[in-house]
Amino acid sequence: MSVKPKSSKQSPSASAKDLVVLAIDLGGSHVKVRLSTGGERRAVPSGMEMSAQKMVEAVKQLTADWQFDVIGMGYPGPVADNRPAIEPHNLGPGWKDFDFSAAFGKPVKLVNDAVMQAIGSYKGGNMLFLGLGTGLGSTMIVHYLCLPMELAHLPYKKDGTFEDYIGERGLEKYGKKKWRKSVEKVVGKLQAALLPHEIVIGGGNVEKLEKLPDGCRAGDNENAFLGGFRLWKDEDLRF
């Protein structure tokens with residue numbers, strides 16, 4: 001399934017080009033950071049003891065010798081009004097409605113982590129991103145309009161959801177062979193329903209697929225950083 005070429009668009013403004021962005025990829029096991037100017041990726045363990053305030057303090061220590069203007073951050077849960085809408089499952093307390101811009105003293109753009117990785121993977125047209133990890137992250141980008149989705153909770157079969165079958169629970173319960181078949185079937189259903197030009201499959205478990213379903217390409221976890229940069233630098237993106 002081919003991707004429509006990116007249309008001719010104006011270049012980002014000089015101010016957007018010049019911004020130095022810190023991208024924060026927040027996960028259940030690690031918080032990873034990287035600068036848009038390049039250089040090393042740094043990380044610190046997260047886990048069930050990490051509150052929102054502890055994360056801010058850890059990132060400040062981790063980046064004490066870095067200079068940056070703004071922050072693009074992916075959060076493992078729904079986001080509303082640039083703040084977490086609910087508490088995360090795999091982290092400590094104190095995330096809901098936390099004001100990261102005030103805590104960091106820098107402008108922050110906060111999006112769901114699947115959205116951030118989708119933005120980093122986007123090449124144009126209509127793209128569906130599916131993140132195969134602990135759960136099932138999903139985002140649709142339609143000609144630069146970013147649409148966070150909750151496809152994980154749609155009913156699938158035997159009173160189970162898509163996430164029950166192709167998330168980590170499904171992999172552990174049914175084994176790799178049946179899990180791979182479920183991934184192929186679910187992807188086929190979503191292709192037929194949403195008609196994307198392509199599907200990008202990312203997340204930690206994409207490597208467990210022997211081959212990708214037709215019309216799909218593999219994502220890369222490093223694309224989360226690129227998505228964090230593009231939150232500020234790609235002025236064509238809309239939310």
A.B. asks: Step by step, would you call Val59 with Phe104 a side chain to side chain contact (heavy atoms under 4.5 Å, CB included)?
C.D. replies: CA-CA 9 Å; Val59 169; Phe104 278 110; 3.8 Å; yes
A.B. asks: Please check: side-chain N/O of Lys233 versus main-chain N/O of Ala16, any donor-acceptor pairing under 3.5 Å?
C.D. replies: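 It does hold such a pair.
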A.B. asks: Before giving the answer on side chain to side chain contact (heavy atoms under 4.5 Å, CB included), spell out for Ser36 and Leu19 the whole-Å C-alpha distance, their side-chain angles and the decisive distance to 0.1 Å.
C.D. replies: CA-CA 9 Å; Ser36 59; Leu19 284 175; over 6 Å; no
A.B. asks: Check whether Trp179 forms a cation-pi arrangement with Lys208 (NZ or CZ under 6.0 Å from the six-membered ring centre, at most 45° off the ring normal).
C.D. replies: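 Not satisfied by the 6.0 Å and 45° rule.
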A.B. asks: Any donor and acceptor pair, going by atom type alone, linking the side chain of Ser51 with main-chain N or O of Gly92 inside 3.5 Å?
C.D. replies: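 Answer holds: no.
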A.B. asks: Do Tyr174 and Val206 share a hydrophobic cluster (ILVMFWY, side-chain heavy atoms under 4.5 Å, transitive)?
C.D. replies: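 Per the 4.5 Å side-chain linkage, Tyr174 and Val206 are co-clustered.
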A.B. asks: If you take all heavy atoms of Glu184 and Pro213, which pair is closest and at what distance?
C.D. replies: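 Of all heavy-atom pairs spanning Glu184 and Pro213, the closest is CA-CG, 4.2 Å.
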A.B. asks: Tell me whether Ile24 shares a hydrophobic cluster with Val70, the cluster being built from Ile, Leu, Val, Met, Phe, Trp, Tyr side chains joined at under 4.5 Å.
C.D. replies: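 No, separate clusters.
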A.B. asks: Does Ile141 reach the side chain of Leu147, with side-chain heavy atoms less than 4.5 Å apart?
C.D. replies: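 They are not in side-chain contact.
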A.B. asks: Give the minimum heavy-atom separation between Trp66 and Val33, together with the two atoms involved.
C.D. replies: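 Residues Trp66 and Val33, closest heavy atoms: CZ3-CG2, 3.8 Å.
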A.B. asks: Just checking Lys181: does its NZ atom have more than 12 heavy atoms from other residues, nucleotides or ligands closer to it than 6.0 angstrom?
C.D. replies: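 Atom NZ in Lys181 is not crowded, with 12 or fewer foreign heavy atoms closer than 6.0 Å.
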A.B. asks: Using a 6.0 Å cut-off, check whether atom NZ of Lys109 has over 12 heavy atoms from anything other than its own residue.
C.D. replies: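 Correct, the count exceeds 12.
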A.B. asks: Would you compute the distance between atom CG of Leu212 and atom CZ of Arg180 and round it to the nearest 0.5 angstrom?
C.D. replies: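 Atom-to-atom, Leu212:CG and Arg180:CZ are 11.5 Å apart.
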A.B. asks: With hydrophobic residues grouped by side-chain heavy-atom distances under 4.5 Å, do Leu145 and Ile199 end up in a single group?
C.D. replies: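 Yes, it is one cluster - the side chains of Leu145 and Ile199 are joined through contacts under 4.5 Å.
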A.B. asks: Does Asn126 form a side chain to side chain contact (heavy atoms under 4.5 Å, CB included) with Leu195? I'd like the steps, not just the answer.
C.D. replies: CA-CA 8 Å; Asn126 299 348; Leu195 299 176; over 6 Å; no
A.B. asks: If two hydrophobic side chains count as joined below 4.5 Å and joins carry through other members, does Leu26 share a cluster with Ile71?
C.D. replies: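 Yes, one cluster joins them.
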A.B. asks: Does some side-chain heavy atom of Ile119 sit less than 4.5 Å from a side-chain heavy atom of Cys146?
C.D. replies: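 Contact flag for Cys146/Ile119 side chains = yes.
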A.B. asks: Under 4.0 Å between a side-chain nitrogen and a carboxylate oxygen: does that hold for Glu198 and Lys123?
C.D. replies: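 Salt bridge flag = no for Lys123 with Glu198.
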A.B. asks: How close do Gly27 and Leu91 get, heavy atom to heavy atom, and via which atoms?
C.D. replies: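 Taking Gly27 first and Leu91 second, the nearest heavy atoms are O-CD2, 3.6 Å.
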A.B. asks: Is His30 close to Val44 at the side-chain level, that is, under 4.5 Å between some pair of heavy atoms?
C.D. replies: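 The answer is no, as the side chains (C-beta and beyond) never meet within the 4.5 Å cut-off.
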A.B. asks: Can you establish whether the number of heavy atoms outside Lys60 located under 6.0 Å from its atom NZ is more than 12?
C.D. replies: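 Yes, enclosed.
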A.B. asks: Could you pull out all residues at least two apart from Asp99 that satisfy salt bridge (charged side-chain N to carboxylate O under 4.0 Å, His left out)?
C.D. replies: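 Asp99 satisfies salt bridge (charged side-chain N to carboxylate O under 4.0 Å, His left out) with Arg83 only.
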A.B. asks: Show the numbers, then the answer: is there a side chain to side chain contact (heavy atoms under 4.5 Å, CB included) between Arg41 and Glu222?
C.D. replies: CA-CA 10 Å; Arg41 181 186 72 168; Glu222 292 297 307; 3.0 Å; yes
A.B. asks: Please examine the side chains of Tyr165 and Lys157, heavy atoms only from C-beta on, and report whether any two atoms are closer than 4.5 Å.
C.D. replies: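 Yes. Closest side-chain heavy atoms under 4.5 Å.
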A.B. asks: If we ignore hydrogens and angles and just use 3.5 Å, is the side chain of Lys106 paired with the main-chain N or O of Phe68 as donor and acceptor?
C.D. replies: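 Yes.
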A.B. asks: Is it the case that atom NE2 in His89 sees more than 12 heavy atoms from other parts of the structure closer than 6.0 Å?
C.D. replies: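 No, because the 6.0 Å sphere around NE2 of His89 holds 12 heavy atoms or fewer from other groups.
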A.B. asks: Using atom types as modelled, flag every donor-acceptor pair under 3.5 Å from a side chain in residues 130-140 to any protein atom, sequence neighbours excluded.
C.D. replies:
| from | atom 1 | to | atom 2 | distance (Å) |
| --- | --- | --- | --- | --- |
| Ser138 | OG | Met149 | O | 3.1 |
| Ser138 | OG | Leu151 | N | 3.2 |
| Thr139 | OG1 | Val115 | N | 3.4 |

A.B. asks: Rounded to the nearest 0.5 Å, how far does CG of Asp220 lie from CZ of Arg217?
C.D. replies: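 One finds 10.5 Å between CZ of Arg217 and CG of Asp220.
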A.B. asks: Do side-chain atoms of Ser46 reach the backbone of Gly28 as a donor and acceptor pair under 3.5 angstrom?
C.D. replies: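 Such a contact is found between Ser46 side chain and Gly28 backbone.
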A.B. asks: Distance only, no hydrogens: is a donor on one side chain within 3.5 Å (strictly under) of an acceptor on the other, for Ser15 and Asp18?
C.D. replies: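 No - no donor-acceptor pair under 3.5 Å links their side chains.
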A.B. asks: Please report the shortest heavy-atom distance between Val21 and Phe229, naming the atom on each side.
C.D. replies: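 In terms of heavy atoms, the two residues are closest at O-CE2, 3.7 Å.
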A.B. asks: Please report the interatomic distance NZ(Lys189) to OH(Tyr156), rounded to the nearest 0.5 Å.
C.D. replies: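 It comes to 6.0 Å.
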A.B. asks: Calculate, to the nearest 0.5 Å, the distance between atoms NE2 and CE belonging to His143 and Met127 respectively.
C.D. replies: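 Output value for this atom pair is 12.5 Å.
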A.B. asks: Going by heavy atoms in the side chains, are Glu168 and Lys173 under 4.5 Å from each other?
C.D. replies: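 With C-beta onward as the side chain, the pair stays apart.
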A.B. asks: Might you point out which heavy atoms bring Asn223 and Ser121 nearest each other, and give the distance in Å?
C.D. replies: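 Looking at all heavy atoms of both residues, the shortest contact is ND2-OG, 3.3 Å.
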A.B. asks: May I ask you to decide if Leu226's main-chain N or O and Arg34's side chain share a donor-acceptor pair within less than 3.5 Å?
C.D. replies: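 Checking the backbone N and O of Leu226 against the side chain of Arg34, no donor-acceptor pair under 3.5 Å is found.
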A.B. asks: Considering only NZ, NE, NH1 and NH2 on the basic side and carboxylate oxygens on the acidic side, decide whether Arg230 and Asp236 come within less than 4.0 Å.
C.D. replies: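 Between Asp236 and Arg230 there is no salt bridge, as every charged N stays at least 4.0 Å from the carboxylate O atoms.
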A.B. asks: Answer with yes or no whether the hydrophobic clustering places Tyr75 together with Met50; edges join I, L, V, M, F, W, Y residues whose side-chain heavy atoms lie under 4.5 Å apart.
C.D. replies: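 Yes, because Tyr75 and Met50 connect within a single hydrophobic cluster, where side-chain heavy atoms sit under 4.5 Å apart.
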A.B. asks: If you look at every heavy atom in Gly94 and Ala52, which pair is closest and at what distance?
C.D. replies: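 Scanning both residues completely, I find the closest heavy atoms to be O-CB, 3.2 Å.
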A.B. asks: For Glu210, look at atom CD and say whether over 12 heavy atoms of other residues, nucleotides or ligands are found less than 6.0 Å away.
C.D. replies: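 Not more than 12 within 6.0 Å, no.
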A.B. asks: How many angstroms lie between CE in Met116 and CG in Asp25, if you round to the nearest 0.5 Å?
C.D. replies: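 Result: 5.0 Å between the selected atoms.
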A.B. asks: Just so I know, are the side chains of Phe100 and Trp95 near enough to count as touching, which here means a heavy-atom distance under 4.5 Å?
C.D. replies: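 In contact.
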A.B. asks: Could you tell me whether a side-chain N or O of Asn82 sits under 3.5 Å from a main-chain N or O of Leu110, the two making a donor and an acceptor?
C.D. replies: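 Checking the backbone N and O of Leu110 against the side chain of Asn82, a donor-acceptor pair under 3.5 Å is found.
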A.B. asks: For the backbone of Gly167 and the side chain of Glu172, can you confirm whether one donor and one acceptor N or O come within less than 3.5 Å of each other?
C.D. replies: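 It does not hold such a pair.
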A.B. asks: Heavy atoms, side chains only, cut-off 4.5 Å: are Phe162 and Ser182 in contact?
C.D. replies: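 Sidechains of Ser182 and Phe162: no contact.
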A.B. asks: Any side-chain heavy-atom pair from Phe98 and Val56 closer than 4.5 angstrom?
C.D. replies: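 Yes, side chains in contact.
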A.B. asks: Enter the distance from Arg42:CZ to Leu35:CG here, rounded to the nearest 0.5 Å.
C.D. replies: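 Reported to 0.5 Å precision, the distance equals 8.0 Å.
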A.B. asks: Could you tell me if the ring centre of Phe129 sits under 6.0 Å from that of Tyr122?
C.D. replies: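 Centroid separation for Phe129 and Tyr122: 6.0 Å or greater.
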